[in-house]
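Structure first, commentary second.
Throughout, a chain's letter reflects where its sequence line sits, starting with A, and its residues are numbered from 1.
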Amino acid sequence: MPELPEVETVMRGLESVLTGQRISEVRLARNNLRFPFPPDFAKRIEGRLVLRLKRRAKYILAFLEGGEVLILHLGMSGRFTIIDAKGRLTGLGEFYDESVTAGAGSGPHDHVVFTREDGLRIVYTDPRRFGLMDLVGETGLEAHKLLAAIGVEPLGNEFDANYLAEAFRSKKAPLKAALLDQTLIAGLGNIYVCEALHRAGLSPRRRAQSLVKKNSYDPRLEELVRHIRAVLLEAIAAGGSTLRDFVHPKGEKGSFQQVFAVYDREGEKCPKRRCGGTIRRIVQSGRSTFYCPRCQK
DNA sequence: CGGGACTCCTGCCAGC
DNA sequence: TGCTGGCAGGAGTCCC
């Protein structure tokens, strides 16, 4: 489901109900998601105060009182639903949708329920179970197997054309694949790579290293960096993209899918002014790439 | 070693 | 209507 903007949106939703709050109960409906839950998972969280949350790549990190960090990843289909003590979605006044909350926490794919001291529940639902949860001591966080090799944050200061040039210098892989490589850039996924490449006018098929010269780089790398940042920031502002069923923890839907230029738009006209091309779908390393062969070179 | 194929799992939808 | 195959926002692991 979620790429950086969706994970950021979910993190903010969780932040608003968890920061400074104590978790009184953790209920597991099974003993694994993608991986087994760590030993004593529930016990190590119960009774703890949540100090703060942050996003790193597509991971959500919850720092707990006592020095442990709860690591969350939504995989493809993970989502959180927040339900107040009266069984209603929070934050939506009278406009909550009862069909969303009915039976929440007991559905076939509701795998984890965190309950706050005051009864508010945070339900993790994940049909495909590609998500994961783990616990690690704060001092071991950076060395955690899943986080150790993660690259720079595309919205952070380290991400610039120079960084990309060095990352791409010896990359024979297609540009699309290189941008999806989480060890280079943290948090980009299929949608936003397709969209950023279209904005930058770069073909997903060209080798990443084709943008790097011996002592310099193609100035379009600067454009690419600019567009990656812009598309992510716009998507975050829109609350992410809602395909199928992505919703915020509070039940609202993201809207960025309405402005996709290429993603899932095979056969449509390229929206770039005076381009006149037609969006194509190709498969690269087993995944769909959408692009305009006319204006992306 | 880098790069790509395969894998996990369920739901959904187009096409027959 | 009902089945089937393909596809889905991720990413670790294996193999060449």
Next on the checklist: If the cut-off is 4.0 Å, is A:H73 near the phosphate of C:dA11, judged by side-chain N/O to OP1 or OP2?
Outcome noted: yes
Item to check | Side chain A:K58, main chain A:L188, donor-acceptor under 3.5 Å | outcome: yes
Item to check | B:dC9 pairs with, by Watson-Crick or G-U criteria that keep both distances under 3.5 Å | outcome: none
Next on the checklist: Students often get this wrong, so: under 4.0 angstrom with heavy atoms, is A:R281 touching a base, only sugar-phosphate, or nothing?
Outcome noted: sugar-phosphate
Checklist entry - Which part of the nucleic acid, if any, lies within contact of A:R129, taking any heavy atom under 4.0 Å across all strands shown: a base, the sugar-phosphate backbone alone, or nothing? => result sugar-phosphate
Checklist entry - C:dA8 base to A:R287 side chain: any donor-acceptor pair below 3.5 Å? => result no
Checklist entry - Under 6.0 Å between the ring centres of A:F256 and A:Y192? => result yes
Next on the checklist: I'd like to know whether A:E222 forms a side-chain hydrogen bond (donor to acceptor under 3.5 Å, both in side chains) with A:Y217, so could you lay out the CA-CA distance, the side-chain angles of the two residues, the decisive distance to 0.1 Å, and finally the verdict.
Outcome noted: CA-CA 9 Å; A:E222 314 223 341; A:Y217 53 78; 2.7 Å; yes
Next on the checklist: Looking at C:dA11 and A:F130: do their rings stack (centroid distance under 5.5 Å, interplanar angle under 30°)?
Outcome noted: no
Checklist entry - Touch check for A:P174, heavy atoms < 4.0 angstrom, all strands: base, sugar-phosphate only, or nothing? => result sugar-phosphate
Checklist entry - What nucleic acid atoms does A:L146 come within less than 4.0 Å of, heavy atoms only: base, sugar-phosphate, or nothing? => result sugar-phosphate
Next on the checklist: If you only use heavy atoms from C-beta on, which nucleotide in B:dG11, C:dG10, B:dG3 is closest to the side chain of A:K171?
Outcome noted: B:dG3
Item to check | Closest-nucleotide 5' rank along DNA chain C - winner of A:Q182 and A:V283 | outcome: A:V283
Checklist entry - Which part of the nucleic acid, if any, lies within contact of A:Y59, taking any heavy atom under 4.0 Å across all strands shown: a base, the sugar-phosphate backbone alone, or nothing? => result sugar-phosphate
